[in-house]
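The next block holds one structure in the form of structure tokens; read it before the comments.
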Number of protein chains: 2
Amino acid sequence: MQSIDTLIKAGWIIPVVPERTILENHAIAINDGRIIDTLPADAADKTYQATESHNLPDHALIPGLINAHTHAPMSLFRGMADDMPLMDWLQNRIWPAETRWADQGFVRDGATLAIAEMLHSGTTCFADMYFFPDQVAKVAKAAGIRANVGLVVLDFPTIWANDANEYISKGTALHDELQHDLLISTFFAPHAPYTVSDEPLQRIRKLADELDIPVMCHIHETADEIENALQQSGKRPLQRLDELNLVSPSLLAVHMTQLTENEIELVAENGTHVVHCPESNMKLASGFCPVQALMNAGANVALGTDGAASNNDLDMFGEMRSAALLAKNVAADASALPAFEALKMATINGAIALGLAAETGSLEKNKFADIVAVDLNALKTQPVYDPVSQIVYSADSTQVSDVWVAGKQLLNNGQLTTLDTESILNNAREWRDKISEPES
Amino acid sequence: MQSIDTLIKAGWIIPVVPERTILENHAIAINDGRIIDTLPADAADKTYQATESHNLPDHALIPGLINAHTHAPMSLFRGMADDMPLMDWLQNRIWPAETRWADQGFVRDGATLAIAEMLHSGTTCFADMYFFPDQVAKVAKAAGIRANVGLVVLDFPTIWANDANEYISKGTALHDELQHDLLISTFFAPHAPYTVSDEPLQRIRKLADELDIPVMCHIHETADEIENALQQSGKRPLQRLDELNLVSPSLLAVHMTQLTENEIELVAENGTHVVHCPESNMKLASGFCPVQALMNAGANVALGTDGAASNNDLDMFGEMRSAALLAKNVAADASALPAFEALKMATINGAIALGLAAETGSLEKNKFADIVAVDLNALKTQPVYDPVSQIVYSADSTQVSDVWVAGKQLLNNGQLTTLDTESILNNAREWRDKISEPES
């Protein structure tokens, strides 16, 4: 008998890699934070002596979900401004509210609320773009969740920096500070082609290569973005980015609702990753990302919720479902984006896009034990013909019972182990009271 | 002090009628199954002496949700066949499975599973179309939920009847049997223009008038349906139905993803109701219903989940959200179908369509007390700037804590009072084992 830290037995294990594999009545053995074995439950009892054991016969184990694009602190703006188009919403509601409220304390409290919501709904890794990424990293570290914090860059001043140079230098300093962290990593986050000019984009491209980190950018989010760019420069934004050598395997292009066939080819051929945010695109009426066409061309498509202010939650179960449903109608093909592909988008595809595929994104030997247990013994997920179908098309995120990140249990039978739900809810109410007060 | 049956105090009451009203810290007084008053919570304590009192300061009360189109017994086929186009799915998977399995016992067990799921997720009234509507009525009655059972009509034989005449005569007999029931009502349910010929449609039109019940039919669900009809008769299905005088205020037209501007006008001018099923339309790649255009033209649009085999749940919270998100992108207008309109679609609009607006669909005096309490004190619905936004865009149906139908509490702090969850789950597993067995 080999001594290990944790053994989890489950009714179904869905490792995601290898593809379309469903292991019934199997167990995962974990030691030193990593998966060391996956084997039949019976054999596990004869092979391993675990300090901690879990028996989950009604549950499916899946890789921890990866939210490849969000603005975590904006959860404090959830539901503050709905049913408005992107630029009106940004310019008249969100940016003024951020100018007034988004200080370090706001970022910490908002990110903590977001992390609590994400852990409850099975997200073990998120890629964030917001001011004070240092504070987001800090609360993520305290919570034990895996996080990628974006080193935000804009041309114009905000509370975080005054000009592109300062954004970049604060970003590289934060990268240096975090570079040996096991759970936190960084990426460059130029906001959008229309808010960052050529010179900083070229510097970002060079620095990202030197530091070996990805670049994430909102690209082709709306038809207006393309039109404005054409009027100003005669070029579509993706063409401009390509001329700046940014369309590469280190680019995560978020949204991408407006794509010509040539652009789909360009993205696929250059190994650029697309981060699809279906609910945000629908809510802001931004357009329909041609997900199946991108996948057919060979592009890697990951999945993100975007911020809670334009979604209005951070629930990757809902996002998988919206992605799978919407893609079929957009492709006019009911076999488009089948359930298993949606689960891949929310796990391994996100890990690949973020450069983390050696660490997380599937339940494979030697990867970190980032694991989610989903209780399928609920009215809305019975009967179970296919656990992947139930997870993507039927399950509520509230059926997530247990969550581990790098072998550490962060959700235990529905209870957070590193965060205090009551104080998080109270903080949220206090922010609501402050933010709702009429401006004096 | 006036003696009453029940007093429910809540943080927010959203009566839906009058429009856009949110009553903070109010109470609803219920007697003999009906709402007799809505007043500030403080005043309620001085006015009413209730046999049963509920204090729900973190909750919003909304009218019970109305699922205006489903096939409840099909919940036993949930997840059995996904990612397939409508006719392939129907002809090669669903119809063969129904021929083999859909007997009275299947219908009772499937409808019971569906009713349990619907009550848990805040649905207090559903309109069903399936074989053995007598059995659906029976289990609905036992559960205490409000139900409209469709008197199904087809040209071809099934386990329920052999030809259109027999469907109609069994239907009228069931109508006569149920006509004085307070919770169960009936409607004619000719399956679709392509499965019911002119003669029975004309008889249905006449009988529906005589019995004063609505007619519900799947219409313009896919582009193929229109093409086939044009090839066979030179007419689009809606034109044919109009020539048969069916396009009237007693018609509920389900799906309607393929509509010309003239057809939108026709529907609106004739007072015909549309039942929108966004998730089913997406999952089967049927097309996009032009919801905002229909509403702009003045048509009444209700909301349905369709059956669990093409959704794959019966969750009206998810359906409201999908409807509100999708409509914006379809209309290319982020202000389309705002949150309050989505809540109307799921409540009063459904009641109007089904001819039940005097009884249910809003929290108004003298209507039946069909009420749902939603606990907003959850991570994913905090902070609360606007409870309607949180209910439509953020809440999980698992936040439904309590449900009353005609004043009787059917869900009490998350527990069903008239149904046994464990035995329903066991039944579902037994059906799965039977249905999954290879055919001998």
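All chains are named by letter (A, B, ...) in the order of the sequence lines, taking the proteins before the strands, and each is independently numbered beginning at 1.
B:Asn426 CG to A:Asn377 CG: the interatomic distance, rounded to the nearest 0.5 Å, is 8.0 Å. The CG atom of B:Asn329 sits 12.0 Å away from the CD atom of A:Glu279 when rounded to the nearest 0.5 Å. To the nearest 0.5 angstrom, B:Leu379 atom CG is 5.5 Å from A:Thr421 atom OG1. Rounding to the nearest 0.5 Å places CG of B:Asn312 at 7.0 Å from CZ of A:Arg321. Rounded to the nearest 0.5 Å, atoms CG (A:Leu425) and CG (B:Leu376) are 11.5 Å apart. Remark: B:Asn281 CG to A:Leu325 CG distance equals 10.5 Å, nearest 0.5 Å.
Looking at heavy atoms from C-beta onward, A:Leu326 lies in side-chain contact with B:Leu326 at the 4.5 angstrom threshold. Contact annotation: the side chain of B:Lys328 never approaches that of A:Leu284 to less than 4.5 Å [non-hydrogen atoms, C-beta and beyond]. Counting only heavy atoms from C-beta outward, the side chains of A:Lys380 and B:Ser121 never approach each other to under 4.5 Å. Side-chain atoms of A:Asp313 and B:Tyr393, non-hydrogen and from C-beta on, never get closer than 4.5 Å to each other. Two residues are said to be in side-chain contact when any heavy atoms from C-beta on lie closer than 4.5 Å; B:Leu76 and A:Gln382 fail this criterion.
Among A:Leu337, A:Val392, A:Thr398, the residue making the largest number of heavy-atom pairs under 4.5 Å with chain B is A:Thr398. When A:Ser397, A:Gly287, A:Ala395 are compared by the number of non-hydrogen pairs under 4.5 Å with chain B, A:Gly287 comes out ahead. Interface remark: of the candidates A:Val330, A:Val384, A:Thr222, A:Val384 forms the most heavy-atom pairs closer than 4.5 Å to chain B. Among A:Ala116, A:Ala324, A:Ala308, the residue making the largest number of heavy-atom pairs under 4.5 Å with chain B is A:Ala116. Taking B:Arg429, B:Gln390, B:Glu430, B:Lys283 one by one and counting their heavy-atom pairs under 4.5 Å with chain A, the maximum is reached by B:Lys283. With chain A as the partner, the residue from B:Ile424, B:Asp88, B:Asp315, B:Leu314 showing the most heavy-atom pairs under 4.5 Å is B:Asp315. Ranked by non-hydrogen atom pairs under 4.5 Å with chain A, the options B:Leu113, B:Asn427, B:Asp333, B:Asp83 are led by B:Asp83. The greatest number of non-hydrogen atom pairs below 4.5 Å with chain A, out of B:Ala327, B:Ser436, B:Ser394, B:Ser322, is found for B:Ser394. Across B:Asp386, B:Asp433, B:Ile435, the residue that shares the most heavy-atom pairs under 4.5 angstrom with chain A is B:Ile435.
Interface residue B:Ala332: only backbone heavy atoms are found under 4.5 Å from chain A. With a 4.5 Å cut-off on non-hydrogen atoms, B:Met80 touches chain A through its backbone and its side chain both. Using a 4.5 Å cut-off between heavy atoms, B:Ser75 contacts chain A through its backbone alone, with no side-chain atom that close. For A:Thr257, no part lies near chain B; criterion is any non-hydrogen pair under 4.5 Å. Using a 4.5 Å cut-off between heavy atoms, B:Val388 does not touch chain A at all. Heavy atoms closer than 4.5 Å to chain A are found in the backbone of B:Ala378, but not in its side chain.
A pairwise comparison of heavy atoms in A:Tyr385 and B:Gly79 identifies CB-O, 3.9 Å as the closest pair. Between A:Ala285 and B:Ala334, the shortest heavy-atom distance links the atoms CB-N, 3.4 Å. Counting all heavy atoms, side chain and backbone alike, A:Pro383 lies closest to B:Ala428 at CB-O, 3.5 Å.
Not a single donor-acceptor pair under 3.5 Å links the side chain of A:Asp82 to the backbone N or O of B:Ala339.
Residue-environment remark: CD (B:Gln415) stays at or below the threshold of 12 foreign heavy atoms within 6.0 Å.
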